[in-house]
Student: 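Encoded as structure tokens, here's the structure I'll be asking about.
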Amino acid sequence: MARPALIAGNWKMHKDHQEALHLVRDLGLRLNATLTSKRVEVAVHPPFTDLRTVQSIVEADKLPISLGAQHCSHLDKGAYTGEVSATMLAKLQTRYVLVGHSERRALYAMDDSLVQQTASAVIGAGMVAVVCVGESTEERSDGLTDEVLTRQVTAAVRGLPDNAAEDLVVAYEPVWAIGSGQAATAEDAQGAATHIRSVLASVLGTAAAKTIRILYGGSVQPANTEELLSGPDVDGVLVGGASLDAATFTEIVAAAVRCYP
Ligand code: 13P
């Protein structure tokens, strides 16, 4: 498979800028020894207040880490107190922006339409939108997983520019697996990723769909990474809790390097 793996750490609302500085320095040193494959890319998504600090260290020390953000506004500028625009993030050399994480959907009323508009803003600003999708516990027990994924993916990518596939990553994060210690099985992750790729193909075309990376997220740990990455349609992982410790996150990267030598 030509798609390189993406190992992304979502720090959520953890680490102030001083803690971020220590974490990214530590991570950088460890990655210099561990990240021996050109087929594995590492990204971190710190809180907004840490971005400048992390970007400065990554640039000064030439660390093999891409910068990510966790969210942004769908609008470019104006009287929107508390919001941050995609162009502001792009100016800080941010490469990836999570769009529609389930916590934003559930706690901050981000609906499918807003996800689409935000993905569009991210791509328009020259960054990569990491669109997060996934079913809830109830939807899963009602057998609605594929239906939910079809709806979320179709809504997010419909109307994106023709060449948007280059700047799109989809993260499958089943809500029941997030922070629960109960990761999806490799079969479930692969099944969902295959379905997502088929939906992407129906909207953007087969050739484009083949180039888009699909990540799995939800209780990823060093011990389950290799298995989760074994599915041919699973191109990386989006890691929450286990990305807050440099040693643990590096073990996840090491597992990815074994899968993508
Ligand atoms: P955990 O890895 O802590 O389950 O979080 C997953 C997640 O939400 C990443 O975006």
Side-chain angles (χ1 to χ4, degrees), residues 5-15 19-20 23-24 27 41-48 50-51 54 65-72 89 94-108 110 115 118-119 122 127-137 139-140 145 148-149 152-153 156 168-186 188-189 192-193 196 213-229 231 234-256:
L6 176 60
I7 308 301
N10 174 10
W11 296 1
K12 307 193 179 183
M13 198 167 74
H14 296 286
K15 309 286 178 189
E19 294 167 329
L23 175 53
V24 94
L27 182 62
E41 185 186 357
V42 176
V44 295
H45 297 253
F48 287 135
D50 302 355
L51 288 174
V54 171
I65 299 171
S66 297
L67 188 61
Q70 300 174 18
H71 172 70
C72 70
L89 295 176
T94 302
R95 173 151 171 75
Y96 294 100
V97 185
L98 304 183
V99 179
H101 189 282
S102 65
E103 287 150 18
R104 303 253 17 132
R105 292 181 190 254
L107 304 171
Y108 303 97
M110 204 167 175
V115 170
T118 308
V122 167
M127 299 178 291
V128 177
V130 181
V131 172
C132 303
V133 297
E135 81 285 6
S136 66
T137 312
E139 288 162 340
R140 180 178 173 80
T145 300
V148 170
L149 296 178
Q152 291 179 333
V153 173
L168 190 64
V169 171
V170 177
Y172 169 59
E173 295 209 305
V175 179
W176 48 269
I178 295 177
S180 66
Q182 207 201 328
T185 62
D188 278 347
I196 289 167
R213 285 179 290 179
I214 299 175
L215 315 183
Y216 166 78
S219 298
V220 173
Q221 292 291 335
N224 60 20
T225 301
E226 262 186 83
E227 207 186 328
L228 286 163
L229 289 178
V234 178
D235 307 312
V237 284
L238 180 53
V239 186
S243 71
L244 297 174
D245 177 75
T248 309
F249 191 53
T250 303
E251 281 184 56
I252 290 173
V253 174

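Side-chain atoms are counted along with the backbone in the values below, which use heavy atoms only and exclude waters and symmetry mates. Each ligand, and each atom within it, is numbered from 1 in the order the structure gives.
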Student: Give the residue, atom name and distance (to 0.1 Å) of the protein heavy atom nearest atom 2 (O) of ligand 1.
Tutor: G240 N, 2.9 Å

Student: Would you mind finding which of Q221, E103, Q182, H101 brings a heavy atom closest to atom 10 (O) of ligand 1?
Tutor: H101

Student: Suppose we screen for side chain to side chain contact (heavy atoms under 4.5 Å, CB included). Which residues come up paired with L244, at least two apart in sequence or across chains?
Tutor: W11, H14, K15

Student: Could you list the residues that satisfy side chain to side chain contact (heavy atoms under 4.5 Å, CB included) with E227, not counting sequence neighbours?
Tutor: A186

Student: Salt bridge or not between R95 and E41? Use side-chain N to carboxylate O under 4.0 Å.
Tutor: yes

Student: With a 4.0 Å cut-off on heavy atoms, does H45 reach ligand 1?
Tutor: no

Student: Using a 4.0 Å cutoff against the non-hydrogen atoms of E173, which atoms of ligand 1 qualify?
Tutor: 6 (C), 7 (C), 8 (O), 9 (C), 10 (O)

Student: To the nearest 0.5 Å, what is the distance between CG on D50 and CG on L67?
Tutor: 10.0 Å

Student: Quick one: does Q70's side chain have a donor or acceptor within less than 3.5 Å of a partner on K12's backbone?
Tutor: yes

Student: Do H45 side-chain atoms and A69 backbone N/O form a donor-acceptor pair below 3.5 Å?
Tutor: yes

Student: Please say whether L98 places an N or O atom under 3.5 Å from an N or O atom belonging to ligand 1.
Tutor: no

Student: Decide whether the shortest distance between a heavy atom of S219 and an atom of ligand 1 is less than 4.0 Å.
Tutor: yes

Student: Under a 4.0 angstrom heavy-atom cut-off, which atoms of ligand 1 come close to L238?
Tutor: 9 (C), 10 (O)

Student: Do you see a donor-acceptor pair shorter than 3.5 Å between the side chains of E173 and H101?
Tutor: yes

Student: Could you say whether the N/O atoms of N10 and ligand 1 ever approach to under 3.5 Å?
Tutor: yes

Student: Provide, to 0.1 Å, the distance between atom 3 (O) of ligand 1 and the closest protein heavy atom, together with that atom's residue and name.
Tutor: G241 N, 2.9 Å

Student: Is there at least one pair of N or O atoms, one from A242 and one from ligand 1, spaced under 3.5 Å apart?
Tutor: no

